[in-house]
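Order of the sequence lines sets the chain letters (A, B, ...), proteins ahead of strands, with each chain counted from 1. Just so it is clear, the values below take in all heavy atoms, side chains as well, and ignore hydrogens, waters and symmetry mates. Model, not experiment: these values are computed from the prediction.
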Number of protein chains: 2
Amino acid sequence: MDTVGGHATSSPMGVDRPLERKLAQYLDLDTSERALLDGMSGSELRFARAAAIASDGAEQNHVYVIKSGWCSCARHLSDGRRQITRFAIPGDFLCFDSIVTSVSTQDVVAITDVTLLQLRIEKLGEVAAKQPRLAVAMLWMAAQDDSALAERVTSLGRRFALERLAHLFVETYVRLDALGLAGGRRMHFPITKEQLADAMGLTTIHIYRTLRRLTESGLIRLDGPWLEILDLDGLKEQGKFDPLYIEASEIPAATNRALRGASLAME
Amino acid sequence: MDTVGGHATSSPMGVDRPLERKLAQYLDLDTSERALLDGMSGSELRFARAAAIASDGAEQNHVYVIKSGWCSCARHLSDGRRQITRFAIPGDFLCFDSIVTSVSTQDVVAITDVTLLQLRIEKLGEVAAKQPRLAVAMLWMAAQDDSALAERVTSLGRRFALERLAHLFVETYVRLDALGLAGGRRMHFPITKEQLADAMGLTTIHIYRTLRRLTESGLIRLDGPWLEILDLDGLKEQGKFDPLYIEASEIPAATNRALRGASLAME
DNA sequence: CGGATACTTGAAAGACTTCAACGATCGTGG
DNA sequence: CCACGATCGTTGAAGTCTTTCAAGTATCCG
């Protein structure tokens, strides 16, 4: 790990076996499940910074899991206005919603160079059929994404610019920290001011002004793509951050038993 | 069905077997699947208008499907500000995100008198295990909810008050119409101005003013809990409504085959 | 060095909120 | 039946948050 103020770990934005790591948050995988996941992990994909991974309205037959790097998902209005709906980091799913329609409903773009794990949508179905526990785990993840999005809605609807940014920084810190990617309190944060504006529903100019207020009150420090949180509690208070919505927990024991039974029955 | 300007159907807000109807949008259920769903449908629950169905932070061991009526999901900030994240109508899931934590992350309230179908969270796991197709269908639904929420984010971040309301009305019409609950273009819309404000990230006063502009330009007509859309195309244009994000489609044939195979293997 | 992009600042305008007041409606109790 | 209070709906004016426009400095890169 990293010390506060240190610069980078050996692999600052990457994480091995992101899918396994993510699912392991909810249930401890057995060997057959791990094998299945490994089997899917075959196709790895790389995109350069700013590359389009999926386009709104275009056919989309794959779902991705980020192995390293950051991505953004966005929608556009007809006159060019853009809203970034989320920043995705290692372990996150991409294009998860396209499994409904085989058509992407968002523009997904690589914010940094990224490495992705590629899964055919149909393959997802097979996996769900063979290993119901994994299907349920995916349901779990979808629910978590949903919860995070709901909080974003809350920010956009009812938080002021200062609160929105403070909240985003705390949330980002918590998410990166869970992956071991927040070295101390100084983390890689490769988001431009324009992307920040499009995510927060503000203009870049107002982002600059608000960021300045945040740094001048000693809550954070920014230099280039590095974000340092100087006063986490202060930032939480400023952003009215309540961690409840983001905390993961294990699948209830009873569900887990039922799922295990079903898996065994198939062998 | 209803004629334009007519008042009510025999069951203006209800729908039979809401879960089946919802899932049938994605796949045609076989008899064993229908039986399983019927088995779950046993516990039916009623709540009166304004009753709390779930509370943010409280333990939550059930997921619900709305049989009739409207509900809202909301988050609160520490100082009382409220953001409604969505309005739920018949067929919609409630507390879906609580399957992650067994703790509700939102306040769910009955907007009208409602009838719900109650499912234990653990039961969901069992069903997923026994009928992978249903698990995947639920994944589908979760993805659709996600897509709708992303659009809400877009509204709050990048649409003006007038556009937001126009968009909401079109979206609501489309959703109700898919259930056969939008009689012509005049539908039951039991949302108070205050709820509208909390959903759109605005104040009630501004809702009144904006609603007035919408009615004066001849796009809609409101009287009490009835909403009539006078100019659907105009409203779509005003709200920059792009239906892509909300359209359902069937599960791809290949996935379906894989799932069926798995189901059979278990018998 | 030139030119692009990132970042900053100021002033005016716009969208929306806040405060305050008022009439209309509606259910309720006397 | 009428009076009453409560909520709903409306309007006006001032204030706040954020945007727009416009200009300017700093930094980086070729």
Side-chain angles (χ1 to χ4, degrees), chain A residues 49-50 77 79-84 111-112 153-168 188-217 220-227 238-240, chain B residues 48-50 77 79-84 109 111-113 153-168 188-217 220-228 238-240:
Chain A
R49 189 178 136 277
L77 301 189
D79 61 358
R81 278 176 276 177
R82 178 172 76 147
Q83 177 64 43
I84 290 179
I111 288 179
T112 62
V153 166
T154 307
S155 269
L156 290 168
R158 288 299 188 218
R159 273 188 257 254
F160 296 109
L162 198 70
E163 299 172 324
R164 267 180 232 180
L165 277 173
H167 189 276
L168 176 74
H188 188 70
F189 188 77
I191 310 299
T192 68
K193 309 299 178 272
E194 192 180 354
Q195 288 163 343
L196 223 34
D198 284 336
M200 303 279 95
L202 301 166
T203 57
T204 52
I205 295 183
H206 203 57
I207 290 289
Y208 281 122
R209 289 198 235 262
T210 309
L211 241 25
R212 177 155 271 279
R213 284 208 281 157
L214 234 30
T215 55
E216 277 174 358
S217 57
I220 59 166
R221 193 161 61 199
L222 278 165
D223 73 295
W226 294 95
L227 164 67
Q238 186 65 261
K240 306 217 179 315
Chain B
R49 191 177 134 277
L77 300 188
D79 61 358
R81 277 176 276 177
R82 180 172 76 148
Q83 177 64 44
I84 291 178
V109 171
I111 288 180
T112 62
D113 292 348
V153 165
T154 307
S155 269
L156 290 168
R158 290 295 187 221
R159 271 188 260 253
F160 295 111
L162 198 71
E163 298 172 325
R164 269 181 231 178
L165 277 173
H167 188 276
L168 177 74
H188 188 69
F189 187 77
I191 310 299
T192 67
K193 308 299 179 273
E194 192 180 355
Q195 288 162 343
L196 222 35
D198 284 336
M200 306 310 255
L202 302 165
T203 58
T204 51
I205 296 183
H206 202 59
I207 291 288
Y208 281 122
R209 289 199 235 260
T210 310
L211 241 24
R212 177 155 271 279
R213 283 209 280 157
L214 234 30
T215 55
E216 278 173 359
S217 57
I220 60 166
R221 192 161 61 196
L222 278 165
D223 73 295
W226 294 95
L227 164 66
E228 184 174 0
Q238 186 65 263
K240 305 213 180 315

Q) Separation of A:Met200 atom CE from D:dT19 atom P, in whole Å? A) 12 Å
Q: Grab the CZ-P distance between B:Arg81 and C:dT17 for me, whole Å please.
A: 12 Å
Q: Would you kindly compare A:Arg212 and B:Ala161 by the position of their nearest DNA chain C nucleotide and give the one closer to the 5′ end?
A: A:Arg212
Q) With a non-hydrogen cut-off below 4.0 angstrom, is B:Leu202 in contact with a base, only sugar-phosphate, or nothing? A) sugar-phosphate
**Q.** Nearest-Å distance for atom pair CG/C1', residues A:Leu156 and D:dT18
**A.** 14 Å
Q) Any N or O donor-acceptor pair linking the side chain of A:Arg209 to the base of D:dT20 at under 3.5 Å? A) yes
Q.
Would you say that A:Gln83 contacts B:Leu156 through its side chain, given a criterion of any heavy-atom pair below 4.5 Å between the two side chains?
A. no
Q | Integer-rounded Å distance: D:dC8 P and B:Ile191 CD1 | A | 14 Å
Q) Any side-chain heavy atom of B:Glu163 sitting closer than 4.5 Å to one from A:Arg81? A) yes
Q. Once you round to the nearest 0.5 Å, how far does OG1 of B:Thr203 lie from NE2 of B:His206?
A. 7.0 Å
Q) Can you check the A:Lys193 NZ to D:dT27 C1' distance for me, whole Å? A) 14 Å
Q.
Once rounded to the nearest 0.5 Å, what's the spacing between atom CE of B:Met200 and atom CD1 of B:Ile207?
A. 6.5 Å
(Q) For A:Phe160 and B:Tyr208, find the nucleotide of DNA chain D closest to each by heavy atoms; which residue's nucleotide sits nearer the 5' end? (A) B:Tyr208
Q. How long is the line joining CZ of A:Arg213 and P of C:dT8, in whole Å?
A. 15 Å
Q: Let me know the distance between NE2 of B:His206 and P of D:dT18, rounded to the nearest Å.
A: 15 Å
Q: Estimate the overall bend of the helix from C:dC1-D:dG30 to C:dG30-D:dC1 from the end axes over five pairs each, rounded to 10 degrees.
A: 30°
Q) How long is the gap from CZ on A:Arg212 to OG1 on A:Thr210, to the nearest 0.5 Å? A) 11.5 Å
Q. Once you round it to whole Å, what is the distance between C1' of D:dC8 and CD of B:Gln195?
A. 14 Å
Q: Pick base, sugar-phosphate or nothing for A:Gly201, based on heavy-atom distances below 4.0 Å to the nucleic acid.
A: sugar-phosphate
Q) In Å, rounded to the nearest 0.5 Å, how long is the span from CG of A:Leu222 to CZ of A:Phe189? A) 8.0 Å
(Q) Within the supplied structure, the quantity of interest is the number of heavy atoms (other residues, nucleotides, ligands) at a distance under 6.0 Å from B:Arg221 CZ; does it exceed 12? (A) no
Q.
Closest-nucleotide mapping onto DNA chain D: is B:Ile205 or B:Glu194 further toward the 5' terminus? I mean the 5' end.
A. B:Glu194
